[in-house]
Every structure is written in structure tokens, then in C-alpha cells.
Amino acid sequence: AEGAAPAPAVGGPQPVEAPAGEPSASSSSVLWICGGLALASLVVCLALPVWVFVAGADAYEGRFAFYKHALLVATIVYFVTGVIFAMQWDRRRSAA
């Protein structure tokens with residue numbers, strides 16, 4: 001019929017409206033878990049060089065080898081969790 005609204009596509013993505021008000025408990029948990037992990041990995045990134053330095057010449061080689069791998073992992077964890085934290089934080093602020 002002319003003038004009738006087109007039928008919705010079957011099987012296509014359906015819009016979901018977020019409920020107004022407070023963010024869900026799961027998004028709040030993700031926010032704080034990612035924030036805590038980002039902070040902890042930043043502390044690791046700052047503490048590792050000190051740990052290598054205080055080892056002295058005897059343990060330097062072994063600690064430095066560990067430092068290179070641990071710093072890489074801590075940096076990746078920091079950036080991933082920091083980005084997730086920032087995205088969740090902005091979403092939470094814009095919802096308020």
C-alpha cells in the first residue's frame with residue numbers, strides 16, 4: 001500500500017535504547033577494574049627500573065632481561081586498560 005511504513009528488516013540489528021539514569025553495575029565494575037589495572041601497571045612501569053638499579057652489578061644481567069619483558073607486558077596492559085577506563089569514564093560522565 002502506498003504511504004505505508006516499510007516493514008523492518010528481518011534478522012537485522014535492532015536498535016536498543018539504554019535505560020536512563022545510573023550506568024549498569026557491570027559497566028561500573030569494568031570502569032574500576034580497568035582503572036585499578038592501569039594504575040597497578042603504571043606503578044610496575046615506574047618500579048621496575050628502580051628494582052634493576054638497586055640489584056647492583058651482580059644481579060644486573062638477570063634482572064635487566066626480566067625488566068625488558070616485564071616492562072613490555074606492563075606497558076601493553078597500561079595502554080589497553082587505560083583506554084578502556086577513559087572510554088568508560090567519558091561514557092559515565094556524559095550519562096550524568
Show the atom names and distances, to 0.1 Å, of all donor-acceptor pairs under 3.5 Å that link a side chain in residues 35-48 to residues at least two apart or in another chain.
unit_1: S41; atom_1: OG; unit_2: L37; atom_2: O; d: 3.0
unit_1: S41; atom_1: OG; unit_2: A38; atom_2: O; d: 3.0
unit_1: S41; atom_1: OG; unit_2: Y78; atom_2: N; d: 3.4

Applying side-chain contact (heavy atoms from CB on, under 4.5 Å) to K68 and L72, what does each step give before you reach the verdict? CA-CA 6 Å; K68 290 188 287 186; L72 177 65; over 6 Å; no
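Residue pairs meeting the ring pair (Phe, Tyr, Trp, His ring centres under 6.0 Å) criterion with at least one member in residues 31-52, sequence neighbours excluded, are W51-F66.
Cluster partners of V50, by chain and number: F53, V54. The rule joins Ile, Leu, Val, Met, Phe, Trp and Tyr whenever side-chain heavy atoms lie under 4.5 Å apart.
Under the side-chain contact (heavy atoms from CB on, under 4.5 Å) test applied with F85, the options D90, L31, V80 reduce to a single match, L31.
Counting only heavy atoms from C-beta outward, the side chains of Q88 and S28 never approach each other to under 4.5 Å.
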